[in-house]
Amino acid sequence: MDTLSRVVHLARLRGSVDIRCLIAGSHTLDNPAGGTGSSPFHLLLEGECTLELPGRSIDLRAGDMVLLPRGTAHRVHTHGTGPAVSVEHRDVGPYALVSGTAPGDAPVDLFCGHYTWEPGAGQVLMGMLPEVLHVPLGAGAGSPLALLSAFMRDEARTAGPGTQAVLDSLCDVLLTLALRGVSGVNRVAWLASTRGVVRTVTDAVLRDPAHDWGIEKFAALNSMSRATFIRHFGRETGLNAGEFLMRLRMLLAAELLTQTEQPVASVAAAVGYASESAFGRAFRIAAGDTPARLRRSARQGVPGEEASVLRLRAANGEDTSGP
């Protein structure tokens, strides 16, 4: 199994569409902050709009996806020559439809949804991502997104038996396409890397995370000098080898903590830490929590659905400041 497939499998993220916007003209959709274990996303199928965050705005075009791993509160603005009129909010099958018209303006077609996860590897993965992940997936004929979006539109339009299950599954495909479409040197480019250096290191660590890995051994795996390996690895991942090793190990550790009954000390040893305290420090950096607390949270089943409820209330123009 390749690195991206393995990570997506470990994370056990569950995607769902909350709202579909079909709006011509100028309109604003408020999105409150997400709750624990929930990250909103937006997929623009047609038109243009702007996503506004505290201190930052992002112009979106057809084929763009935005994921907000921290659940940051934001607004989506659609543009037009005049305000959208006859804006309606109604339930259509498993999602809410927000629609409006404006003479002479082409409609924006925007899917708004979220990914939820239980405490574990999904939490670690989201902690590895930037606050905003903006990926242009392309909307040209024959592109993966064009095929996916056509399928999503057909399902959304039909809203028949099984539509929610189909849309949820397509959201999972969408996330993988987005992570695969990341380019350039950044904190997530390694997920989709097919280059030899990154692939060799990742395969080795996932195969034997407890091994005493280091730069010299990674360099030897790639038949490189230490300096050459450091240069290539940094250019391809945007990370140093030590941080990369720690993140991979913590993904595996989160899986063991939440899916097995192994003691924390045994989990630490299984991913290459002789000291439980050193393992705990690394885990807090990667997951934002202690191993013991994450395990307790997983057993209690901390929900992430409250954020979806808030988004639906916001789409219907309801006050989301209170309970």
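FYI, side chains are in, hydrogens and waters are out, and symmetry mates aren't considered; it's all heavy atoms of this structure.
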Report yes or no: do [X] and [Y] form a side-chain donor-acceptor pair below 3.5 Å?
X: Thr78; Y: His27; answer: no
X: Glu52; Y: Ser57; answer: no
X: His79; Y: Thr50; answer: yes

Would you check if the side chain of [X] reaches a backbone N or O of [Y] as a donor-acceptor pair within less than 3.5 Å?
X: Ser39; Y: Pro69; value: yes
X: His232; Y: Ile230; value: no
X: Thr176; Y: Asp172; value: yes
X: Tyr95; Y: Ala156; value: yes
X: Arg295; Y: Thr258; value: no
X: Arg20; Y: Val92; value: no

Considering all heavy atoms of both residues, which atom of [X] and which atom of [Y] are nearest to each other, and what is their separation?
X: His114; Y: Thr116; result: CD2-CG2, 3.1 Å
X: Val7; Y: Leu125; result: CG1-CD1, 3.8 Å
X: Gly120; Y: Ala254; result: C-CB, 3.5 Å

Atom pair [atom1] ([X]) and [atom2] ([Y]), whose distance is rounded to the nearest 0.5 Å:
X: Leu13; Y: Gln123; atom1: CG; atom2: CD; result: 11.5 Å
X: Asp168; Y: Glu155; atom1: CG; atom2: CD; result: 11.0 Å
X: Met250; Y: Leu257; atom1: CE; atom2: CG; result: 9.0 Å
X: Ser169; Y: Leu174; atom1: OG; atom2: CG; result: 12.5 Å
X: Leu67; Y: Leu179; atom1: CG; atom2: CG; result: 7.5 Å
X: Cys21; Y: Asp109; atom1: SG; atom2: CG; result: 9.0 Å

Using the side chain to side chain contact (heavy atoms under 4.5 Å, CB included) rule, take Phe41 and Met65 through it: C-alpha gap first, then chi angles, then the decisive distance, then the call. CA-CA 7 Å; Phe41 75 85; Met65 178 188 176; 3.8 Å; yes

Check this for me, if you would: do [X] and [Y] make a salt bridge, where the nitrogen-to-carboxylate-oxygen distance has to be below 4.0 angstrom?
X: Arg61; Y: Asp64; result: no
X: Glu255; Y: Arg12; result: yes
X: Arg56; Y: Glu131; result: no

Compare all side-chain heavy atoms of Pro107 with those of Ile23 and state whether any distance is below 4.5 angstrom. no

Are any non-hydrogen side-chain atoms of Phe229 and Val197 less than 4.5 angstrom apart? yes

Phe283 vs Leu294, side chain to side chain contact (heavy atoms under 4.5 Å, CB included): CA-CA, chis, key distance, verdict: CA-CA 10 Å; Phe283 196 84; Leu294 181 131; 4.0 Å; yes

Evaluate Phe151 against Val166 for side chain to side chain contact (heavy atoms under 4.5 Å, CB included), listing each step before the verdict. CA-CA 9 Å; Phe151 199 176; Val166 171; 4.3 Å; yes

Joint hydrophobic cluster, Val85 plus Val87, side-chain heavy atoms closer than 4.5 Å: no

Should the heavy atoms of other residues, nucleotides or ligands under 6.0 Å from NE2 of His211 be counted, would the total exceed 12? yes

Centre of Tyr273's six-membered ring, under 6.0 Å away, within 45 degrees of the axis: is that where NZ or CZ of Arg249 sits? yes

Take the angle between the ring planes of His74 and His42 and call it parallel below 30°, perpendicular above 60°, tilted in between. perpendicular

Residue from Val124, Val271, Leu206 passing side chain to side chain contact (heavy atoms under 4.5 Å, CB included) with Leu251: Val124

Check against side chain to side chain contact (heavy atoms under 4.5 Å, CB included), Met126 and Trp117: CA-CA 9 Å; Met126 286 300 176; Trp117 67 91; 3.7 Å; yes

